[in-house]
Number of protein chains: 2
Amino acid sequence: MTTVPTGSRARTRQAILDAAVEVLARNPSASLGDVAVAADVGRTTLHRYFAERSDLITALHALADERLERATARARIDEGPAVAALQRLCREYFDLGDVLSLLFRDQVNCDEETTVCDEGFEELVRRGHTDGSIDPELPALWIQSLLWSQLYAGWSYLAEHGVSRHEVLRLVTRSIGGAVRP
Amino acid sequence: MTTVPTGSRARTRQAILDAAVEVLARNPSASLGDVAVAADVGRTTLHRYFAERSDLITALHALADERLERATARARIDEGPAVAALQRLCREYFDLGDVLSLLFRDQVNCDEETTVCDEGFEELVRRGHTDGSIDPELPALWIQSLLWSQLYAGWSYLAEHGVSRHEVLRLVTRSIGGAVRP
DNA sequence: CCGTAATGGAACACCGCTGTTCCAAATTGG
DNA sequence: CCAATTTGGAACAGCGGTGTTCCATTACGG
């Protein structure tokens, strides 16, 4: 049986994952050596935790999915006015930062992400359609694409221009809100 | 001196560039072999036209910049109401397709792209700010990020879901228009 | 129709990344 | 403080992409 992580093991594992998120978000084809350096860990150690590159990627996706789910839960998208709920979701996702750009760059069509949202998200959009706060011409799937792409735009904007995190978040939520209005 | 392209040379060169756009837009780290196959050309021939990978990339950027500039010119962003001009620009860029996703994926902050637009684009946004058709809270740079990210979202949407080009374009222009409204 | 240009295939060395093994050093916990 | 765990460095083979050379074949223009 696998030994229970003795604390040190868990810490190292997390350090590697964090570094991998940061490095691979910027350059999806970065080498494992780069990740190891960023994690301040020997390449040997990295291989000890994740035998193959694909194992690391898998763990990364699991981590991203988990955080995505938590963030979705925190946004309570089934409560209150639709647009406000959409903007709460936007805020929560924005805080995930690099973690989501990972999913975004690999495959926008990520099977997970669609299913993660679809139950509640479609319902949210439907709510907005019926109460007139969301343009009925815009399907839920498109609004989801919009949300993701604007988050991406926000992160890029943050990284490239000297603008505060708070200010960027303001721009994104405002733009998302405006884009879905009828 | 380099011999003047005899027609056949120019055709081959163009075939390689077209294939490179298609292949590299989907996977920026695709091999030159993949590009050669897509161009229906031997790898040797490809190397004959572009000695190094970086030479191909450079040519690709030049091609993208040129088409970007033409598209910008066609949109006549200095004419008419600001939002309509923005939507014309959106339409023209949308038609560039893969060519622009290339620039987008490599570096959203592409030095070229900012300078290409900045003269006219900032003016367009200013026009919208003063006549009240564009939310004055949104800076030109952000609107530009928005435009690009929504185009990207549109292309992805087109590729992944069975939606017509025309329909996607409608969604993008509508969303862009909505996003910048005060 | 002949010669030149253009092409593609094969083979080659080179390089960086990957995944593995082995061993010595450092850390940690009891 | 000792022993087990954890770590990192070095070295290695394998692999795929790169860039080059050489040669035979094909296409094209005068």
Side-chain angles (χ1 to χ4, degrees), chain A residues 1-64 98 101-102 105-107, chain B residues 1-64 98 101-102 105-107:
Chain A
M1 56 216 74
T2 61
T3 48
V4 176
T6 76
S8 148
R9 281 195 69 80
R11 228 176 311 125
T12 305
R13 187 186 145 91
Q14 198 54 51
I16 292 174
L17 284 175
D18 289 344
V21 165
E22 188 186 325
V23 171
L24 295 179
R26 281 179 221 300
N27 173 17
S29 60
S31 78
L32 295 184
D34 292 341
V35 174
V37 168
D40 202 34
V41 147
R43 196 166 65 88
T44 310
T45 301
L46 192 155
H47 274 292
R48 209 168 272 129
Y49 283 80
F50 305 96
E52 299 188 1
R53 174 181 257 267
S54 64
D55 294 327
L56 178 59
I57 303 297
T58 302
L60 238 34
H61 274 240
L63 177 142
D98 281 343
S101 2
L102 251 193
R105 292 183 84 120
D106 275 357
Q107 59 245 30
Chain B
M1 53 215 74
T2 61
T3 48
V4 176
T6 77
S8 147
R9 283 194 67 81
R11 229 178 309 125
T12 304
R13 185 186 146 92
Q14 197 55 49
I16 292 174
L17 285 176
D18 289 343
V21 166
E22 188 185 326
V23 171
L24 295 179
R26 281 179 222 300
N27 173 18
S29 59
S31 77
L32 295 184
D34 292 341
V35 174
V37 168
D40 203 34
V41 149
R43 195 166 65 87
T44 310
T45 302
L46 192 154
H47 274 292
R48 209 168 271 128
Y49 284 79
F50 305 96
E52 298 189 2
R53 175 181 256 266
S54 63
D55 294 328
L56 177 59
I57 302 298
T58 302
L60 238 33
H61 274 240
L63 178 142
D98 282 342
S101 1
L102 251 192
R105 291 182 84 120
D106 274 357
Q107 59 245 30

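Just so we're on the same page: letters track the sequence lines, and every chain starts at 1. Atoms considered below: every heavy atom in the structure, side chains included; atoms not considered: hydrogens, waters and symmetry mates.
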Out of C:dT18, C:dT7, D:dG19, whichever nucleotide has its closest atom nearest the side chain of B:Arg53 | D:dG19
With heavy atoms under 4.0 Å as the rule, sort A:Asp40 into base, sugar-phosphate or nothing.
-> sugar-phosphate
In terms of heavy-atom contacts, B:Leu46 and B:Ile16 come closest through CA-CD1, 3.9 Å
To the nearest 10°, let me know how far the axis at one end of the helix from C:dC1-D:dG30 to C:dG30-D:dC1 is tilted from the axis at the other, five pairs an end.
-> 30°
To the nearest Å, how far apart are A:Arg9 CZ and C:dT27 P?
-> 18 Å
Compare all side-chain heavy atoms of A:Leu102 with those of A:His61 and state whether any distance is below 4.5 angstrom.
-> no
Does some side-chain heavy atom of A:Val23 sit less than 4.5 Å from a side-chain heavy atom of A:Val37?
-> no
For B:Tyr49, is the NZ or CZ atom of B:Arg9 found under 6.0 angstrom from the centre of its six-membered ring and inside 45 degrees of the ring axis?
-> yes
For B:Leu63 and B:Gln14 the tightest heavy-atom approach is CD1-NE2, 3.8 Å
Shortest non-hydrogen contact from B:Ala51 to B:His47?
-> O-ND1, 3.0 Å
Could you identify which residues of residues 42-51 of chain B place a heavy atom less than 4.0 Å from some atom of DNA chain D, listed by residue number, or say none?
-> B:Arg43, B:Thr44, B:His47, B:Ala51
Of the candidate nucleotides C:dA6, C:dC17, D:dG19, which contains the atom at the shortest distance from the side chain of A:Ser31?
-> C:dC17
Pick from A:Asp55, A:Ile57, A:Leu56: which one makes a side chain to side chain contact (heavy atoms under 4.5 Å, CB included) with A:Arg53?
-> A:Ile57
Rounded distance in Å - CG (A:Asp34) to P (C:dG16) | 13 Å
Rounded distance in Å - CG (B:Leu32) to C1' (C:dC14) | 15 Å
How close do A:Ala19 and A:Val35 get, heavy atom to heavy atom, and via which atoms?
-> CB-O, 3.9 Å
